[in-house]
Amino acid sequence: MDLGGFNWTLLTIIGPLLLAVVIIIALLRNRVSRDVADKSERATRDLYREEDRVHRDDDDEDRI
């Protein structure tokens with residue numbers, strides 16, 4: 001019995017389909033929602049502002 005045709009079918013049809021499914025699943029699982037990214041950016045900006053304010057206050061106290 002010759003199974004060469006079956007192996008060829010696996011390599012040319014089922015293999016790429018399986019690869020596409022795995023890539024799609026990986027992309028969907030690793031997506032970052034826009035809300036989470038915006039919240040992270042906002043929190044980072046707030047931290048930088050707070051740090052700048054503290055440093056400005058420290059500089060003002062040193063000058064007195």
Side-chain angles (χ1 to χ4, degrees):
M1 189 182 308
D2 183 22
L3 294 177
F6 178 70
N7 287 337
W8 186 252
T9 301
L10 282 176
L11 290 172
T12 59
I13 296 174
I14 297 174
L17 288 176
L18 182 63
L19 181 63
V21 168
V22 169
I23 290 173
I24 289 170
I25 290 172
L27 288 174
L28 291 175
R29 290 191 61 171
N30 290 327
R31 267 193 329 181
V32 175
S33 73
R34 189 70 179 150
D35 295 335
V36 172
D38 288 343
K39 186 175 182 181
S40 175
E41 290 290 327
R42 194 174 323 114
T44 302
R45 240 181 284 119
D46 292 344
L47 284 173
Y48 283 151
R49 282 188 196 131
E50 178 66 21
E51 186 176 341
D52 287 344
R53 187 186 62 75
V54 168
H55 285 295
R56 279 193 307 263
D57 291 346
D58 288 345
D59 289 343
D60 290 344
E61 290 175 2
D62 291 341
R63 291 181 191 171
I64 295 177

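In this chain, residues are counted from 1 in sequence order. What you see is a predicted model; the values in this text were computed from it and never measured.
Side-chain contact check for D35 versus K39: every heavy-atom pair is 4.5 Å or farther apart.
A side-chain donor-acceptor contact under 3.5 Å links T9 to the backbone of G5.
F6 and I14 fall within a single hydrophobic cluster, where Ile, Leu, Val, Met, Phe, Trp and Tyr side chains are chained together by heavy-atom contacts under 4.5 Å. In this structure, L10 is not a member of the same hydrophobic cluster as L19, with clusters built from ILVMFWY side-chain heavy atoms closer than 4.5 Å.
Taking 4.0 Å as the cut-off between side-chain N and carboxylate O, D38 and R42 do not count as a salt-bridged pair. Salt bridge status for D46 with R49: present, with a side-chain N to carboxylate O gap under 4.0 Å.
Interatomic distance, CG of L17 versus OG1 of T12, reported as 9.5 Å (0.5 Å rounding). Note that CG of L18 and CD1 of I13 are 13.5 Å apart. Values are rounded to the nearest 0.5 Å.
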Discussion item. Pair E51, L47 - check side-chain contact (heavy atoms from CB on, under 4.5 Å), show working.
Written reply: CA-CA 6 Å; E51 186 176 341; L47 284 173; over 6 Å; no
Worksheet entry | Test side-chain contact (heavy atoms from CB on, under 4.5 Å) applied to E50 and V54, step by step | CA-CA 6 Å; E50 178 66 21; V54 168; 3.8 Å; yes
